[in-house]
Number of protein chains: 2
Amino acid sequence: MRLSCISIFGYTYAMNIENLLKKKHIKVTTARVTLLKLLEAASKPVCYEEIKGNIAMDKATFYRNMITFEEAGILNAFESNSKMRYFELERTPHAHFVCTVCHGVECIESIDIQLPGYEIGTIVIHGRCRSCVEARA
Amino acid sequence: MRLSCISIFGYTYAMNIENLLKKKHIKVTTARVTLLKLLEAASKPVCYEEIKGNIAMDKATFYRNMITFEEAGILNAFESNSKMRYFELERTPHAHFVCTVCHGVECIESIDIQLPGYEIGTIVIHGRCRSCVEARA
DNA sequence: GTCTTAAATGCGACTGAGTTGCATAAGTAT
DNA sequence: ATACTTATGCAACTCAGTCGCATTTAAGAC
């Protein structure tokens, strides 16, 4: 299985998806490579609903691999207020904004939260996004 | 229906649950008064699972009233990363921390997030809480 | 207090994102 | 190539939360 070179958090330039998986001791399969390519192409977190039109695999395979990737530290996941789980390749820590009107998801880099004694995993902010506020939606 | 005086965000001292509901044009029922008393007594957000042992009503009634209260601006709700919905009486804006180990929920008053152009509703932070970090859990 | 009407409740059936069990297929090592 | 382990597809399942509907309860009129 040969792939064009990609760049995932740390594994830059010469590292491709196949090598990333091997480095993590995860078996290289067509489904996994497809998923990582899609996650890499997406500039924001995606959920199964959004991605299912672009993948042939069963949803069980999708979710099982998300768990595998999460345990390997390859991706982060969080839940929106509508019971859906969003996935994103691991990168520099940042928060996510989920719009309660249009249900869009955005990465928010501009905030820095410190909670002494706590270990922060994910930060999810809900509200009306800029577009929906402007449109008075 | 007579109740001892309580104090919910703004409706202080002389205002009881019955008057709060009347002010919001919500019919005063036993279920609603029970729920508001429990939410008032709780110092942190609660979910149906936690509260169901203390209430006699059906879960449909519980959830329908949570929606009624939310729409009336009496309470706020958010979802944890385990598909459960937590409810809390509306008060000064603050974030919530949900521990991924012990699943405990805490109110976090010490952070202040500004996102120009956005309208922030709820902020949920996931991670390991102080106790679980200390216990290396 | 009783009557009337609109809304709330309880029950059971349903929903839908995500999970699980199992037989089969596909990687990986020998 | 062969054996062995792990991943996949399918269908059945889970479970927090929702919905439809018959019955009960609150609130205003008399």
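Below, chains carry the letters A, B, ... as their sequence lines are ordered, and counting in each starts from 1.
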Tell me the salt bridge (charged side-chain N to carboxylate O under 4.0 Å, His left out) pairs involving residues 102-113 of chain B, sequence neighbours left out? B:Arg91-B:Glu109
B:Glu79: partners by side chain to side chain donor-acceptor pair (under 3.5 Å), with sequence neighbours left out: none
With rounding to the nearest 0.5 Å, note down the distance linking CD1 in B:Ile74 to CD in B:Glu90. 10.0 Å
Looking at DNA chain D, which of residues 58-67 of chain A put a heavy atom within less than 4.0 Å of it? A:Asp58, A:Ala60, A:Thr61, A:Arg64, A:Asn65
Report all interatomic pairs (protein N or O, nucleotide N or O of nucleotides 28-30 of chain C) with separations under 3.5 Å.
from: C:dT28; atom 1: OP1; to: A:Val28; atom 2: N; distance (Å): 3.2

Determine whether the aromatic ring centres of residues B:His126 and A:Phe78 are separated by less than 6.0 angstrom. no
Salt bridge (charged side-chain N to carboxylate O under 4.0 Å, His left out) contacts in which one or both residues fall within residues 128-137 of chain A, not counting sequence neighbours: A:Arg128-B:Glu119
Which pairs pass side chain to side chain donor-acceptor pair (under 3.5 Å) with one or both residues in residues 54-63 of chain A, sequence neighbours excluded? none
Any chance you could encode DNA chain D as dot-bracket? Rule is Watson-Crick or G-U wobble with both distances under 3.5 Å; [ ] for pairs crossing earlier ones, | for another strand. ||||||||||||||||||||||||||||||
Check salt bridge (Lys or Arg N to Asp or Glu O under 4.0 Å) between A:Glu50 and all other residues, then give those that pass, not counting sequence neighbours. none
Just to verify, what does B:Tyr48 make a side chain to side chain donor-acceptor pair (under 3.5 Å) with, not counting sequence neighbours? none
Selection: residues 79-88 of chain A, any non-hydrogen atom under 4.0 Å of DNA chain C: A:Lys83, A:Met84, A:Arg85
Under 4.5 Å side-chain heavy-atom separation, chaining through any Ile, Leu, Val, Met, Phe, Trp or Tyr, what else clusters with B:Val133? Say none if it is isolated. none
Contacts of A:Lys52 that satisfy side chain to side chain donor-acceptor pair (under 3.5 Å) - sequence neighbours left out: A:Glu49
